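In what follows, a single structure is set out as structure tokens and then discussed.
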2 protein chains.
Amino acid sequence: MNRKTPVKRVRAKQRRLSADDRRSEFVAKATELFAEEGFGGGTRALARKLGVTQPLLYRYFPSKDDLIKEVYRKVYLEPLEIGWEKLLSDRSRPLRARLQEFYEIYTDAIFNRKWLRIYLYSGLKGIDINRWYVGMVKDKILTRILRECRHDAGLATQSRPSAVELELAWVFHGGIFYYGVRKYIYEAPVLEDKAQMISDALDIFLAGFESMAESATDRRRAPVKVVG
Amino acid sequence: MNRKTPVKRVRAKQRRLSADDRRSEFVAKATELFAEEGFGGGTRALARKLGVTQPLLYRYFPSKDDLIKEVYRKVYLEPLEIGWEKLLSDRSRPLRARLQEFYEIYTDAIFNRKWLRIYLYSGLKGIDINRWYVGMVKDKILTRILRECRHDAGLATQSRPSAVELELAWVFHGGIFYYGVRKYIYEAPVLEDKAQMISDALDIFLAGFESMAESATDRRRAPVKVVG
DNA sequence: ATCTCTGGTGATCGATCGATAAACTACCCC
DNA sequence: GGGGTAGTTTATCGATCGATCACCAGAGAT
């Protein structure tokens, strides 16, 4: 056929971006790619998403691992911009309303396919930032919630929650988290009204905490097991 | 130095296994490998774990994908051997005891690093068997639990649970599931006594269900939202 | 208009991937 | 004990991976 015919290489017109723009575009598209394919996703596929060639990546990142670290940083730190402490600890408002609002905002931030998948993939890799995040949830969210619950129930505000209390809060938190996993990872049908799911989960958590607190004050000891 | 010296190839004495044994050994070690590395784990690394060479795999499986499917089958179907239906529906025993025992047995089966990691990896791949499993949990476990709860509360046993009830059960179930994820995936410290975690989670779930049932009969309608 | 940065490309390397074909060898049977 | 079969290895292919290098070309400065 027309082999060896000198076809004028119609090179897609080079689109030049500033270094900062290109760099953040790399991170943004890498987040999408890794969310779908996992961190095994290829650098060539990433370049294709940007409409550039693969070696360009290495003008901005020394290695793929460095790019991945940037993705972590962006994904883990982005939804943390909101002031949680004030929201949870603002005792001028009823506790329940605070918790409801907090979880609505929190889940608005993390309940999306991209965030949840990156979170799960990085969790399976067992990296430091994931362990840091779990510790942060414990210290900044669950411990705070438990302190407010104790205060609300008229109990002494101890500096650190008991292991049993903490586990109660984790099961509650995990139950809400799993809603996001079911919806965005498993793509299973869920109760559409997210706010109501949170409301119902709060109902049973608060009722459970109160009954635990009551039996603790009644019997003057921590309830280890309610039914044998 | 001694290059070109004809070193007598000291080949590790061939250990021959029956076809069935070798095949199941492949599946077993592949489960371990994929649990740690994800399904991107290499066939050469797998062969190394068996102490054989890589091409041998293809005497037993037409492709790596077929091996992966076998791993799925083994992992997903293995813990299902137990008779759940009888356990949950045996009305000669108190409901709470049935639920406690069921979740202790169920979590004994799935709370281990191998199972949870394979489950999460396959969930991220969005494969059919994962969606099947989630549907199975809904139909065979949660729906059954809710039916027993309704019966226990003296309510009409309807064929299918309401969306709100189901979500309540999912949040409860997910909270327990997340305990396993925290312990075996994140390797975070958890309340060591698993049975007590289940007991506490059951307390608040059952209390929540009862209060929902009460308000439903009192007000003659399903409680959509308790606090606005 | 030309110079000069610097963003961007083309070509390619070595390693590793899944998979195939042919040769080898341990073990069972007669 | 000499086949013969079936389990195993050696050698290798083509594709793809992350990464490197020399070179090209667009845009602002002069």
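The chains referred to below are lettered A, B, ... by the order of the sequence lines, with proteins before strands, and numbering in each begins at 1. The figures that follow rest on heavy atoms only: side chains count, while hydrogens, waters and symmetry mates do not. What you see is a predicted model, and the numbers here were worked out from it, not measured in a lab.
Nearest to the side-chain atoms of B:Tyr58 among the listed nucleotides C:dA19, C:dT9, C:dT25 stands C:dA19.
Here C:dA21 presents its P atom at 16 Å from CG of B:Leu56, a figure rounded to the nearest Å. Rounded to whole Å, atom C1' of C:dT6 lies 15 Å from atom CG of A:Asp21. Rounded to a whole Å, the CG atom of A:Leu17 is 16 Å from the C1' atom of D:dA25. For the pair B:Asp66 CG and C:dG18 P, the computed distance is 14 Å after rounding to whole Å. Rounded to whole Å, the distance from OH on B:Tyr60 to C1' on C:dT20 is 17 Å. One interatomic measurement links the two molecules: CZ of A:Arg44 to P of D:dA15, which rounds to 14 Å at whole-angstrom precision. Between the NZ atom of A:Lys64 and the C1' atom of D:dA19 there is a distance of 12 Å, given to the nearest Å. Atom-to-atom, CZ of B:Arg16 to C1' of D:dG7 comes out at 4 Å; the value is rounded to the nearest Å.
The 12-atom threshold is exceeded at CG of A:Asp21, counting heavy atoms of other residues, nucleotides or ligands nearer than 6.0 Å.
Residue whose closest nucleotide on DNA chain D sits further toward the 5' end, between A:Gly42 and B:Leu57: B:Leu57.
A donor-acceptor contact shorter than 3.5 Å is absent between the side chain of B:Lys194 and the backbone of B:Gly180.
DNA chain D is contacted by A:Gln54, A:Pro55 of residues 45-55 of chain A, taking any non-hydrogen atom closer than 4.0 Å.
Counting any heavy atom pair closer than 4.0 Å across all strands shown, A:Phe61 reaches no nucleic acid atom. Across all strands shown, B:Ser63 has heavy atoms under 4.0 Å from sugar-phosphate atoms exclusively, and none from any base.
Taking all atoms of both residues into account, the shortest heavy-atom contact from B:Val171 to A:Ile176 is CG1-N, 4.2 Å.
Not a single donor-acceptor pair, N or O on each side, falls under 3.5 Å between the base of D:dG7 and the side chain of B:Arg22. Judged by distance alone, with hydrogens and angles left aside, A:Arg59 brings no side-chain donor or acceptor close enough to the base of C:dT6 to form a pair under 3.5 Å.
In this structure, the separation between OG on A:Ser24 and NZ on A:Lys74 is 8.5 Å, given to the nearest 0.5 Å.
At a threshold of 4.0 Å, the pair A:Glu187-B:Arg131 counts as salt-bridged, since one of the basic side-chain nitrogens sits closer than that to a carboxylate oxygen.
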Evaluate A:Trp84 against A:Tyr106 for ring-ring contact (aromatic ring centres under 6.0 Å, His included), listing each step before the verdict. CA-CA 9 Å; A:Trp84 288 342; A:Tyr106 180 65; 5.4 Å; yes
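No option in B:Tyr72, B:Phe34, B:Tyr133 other than B:Tyr133 meets the ring-ring contact (aromatic ring centres under 6.0 Å, His included) test with B:Trp115.
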